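Atoms within a ligand are numbered from 1 in the order they appear, just like the ligands themselves. Just so it is clear, the model here is predicted, and its values are computed rather than measured.
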Amino acid sequence: MHLLLTNDDGVSAPGLLALWRSLSELGHTITVVAPANNMSAVGHRKTLHKPLRIDPATLADGVTQAWACSGAPADAVALALKGFLQAKVDLVVSGINSNFNLAQDMTYSGTVTAAMEGVIVGVPALAVSTSARALVEYAPAASWARHVVARILERGLPAGLLLNLNVPRDAQGLVITRQGRRIYHDVIVVRQDPRGRPYYWIGGDEPTGEAIEGTDVWAVTHGQASLTPLDLDLTAHHALTELQAFADVA
Ligand code: MN
């Protein structure tokens, strides 16, 4: 088996090294193609109007060989799968992100959209996130990621499905969840530049969430690793019937 690892925190982020070390224990071939710089919260960006480069790099240990891509996480995955790598890739794993990716975070997350790009190209994918700063704090997420990757390689994944794994540092077990609801606390800070013109910075406290049982938000706040199956079909199926009235001309 051949695993492609990527992330959105950048090729030298500790979470990517923790993921590489843990998945190496499975004994498969691993290639890393990750953004050269921190590309967190870029969403599903696709770089169409400037050239992209892929240069040799190393992970945070300064030794392990990797490739650094000048584009966004989804660019790195697309380039890797569509020609940069000669060998077929069996699974894309993105992470380990330094913050959880829960609920509506999906639409912002470079970690998750890298996995989405894998699914678009036709390769099964897993996104992994935790809440960590130092390398040692990634250990629980790295261990659960290895567990889930082993399951995927054993059993496969239905076409079009990707998995979103979030692991709190005190994880006692793994539960299958649905997307919950985030509460964002963004505050726009306005300051003046040296020429007297205003600039804006998005700040505020970390997002929280509603503790709805069975959701990803609920799981990580109750000491459980959360595994959510995601589909790129964003249709609100429950609204189709009610919306039919919008089509009536009268
Ligand atoms: Mn990130």
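The Mn ion (ligand 1) does not have M39 among its coordinating residues (no N/O/S atom, backbone or side chain, under 2.8 Å). Look at S98 and the Mn ion (ligand 1): no N/O/S atom of the residue is under 2.8 Å from the metal.
More than 12 heavy atoms of other residues, nucleotides or ligands shown are found within 6.0 angstrom of CG on L240.
Cluster membership check: V93 shares its hydrophobic cluster with L153, using side-chain heavy-atom separations under 4.5 Å among Ile, Leu, Val, Met, Phe, Trp and Tyr.
Taking the side chain as every heavy atom from C-beta outward, V187 and W201 never approach each other to under 4.5 Å.
No donor-acceptor contact under 3.5 angstrom links the side chains of N164 and T228, judged on distance only.
With the Mn ion (ligand 1) as the vertex, OD1 (D8) and OD1 (D9) define an angle of 90°, rounded to 10°.
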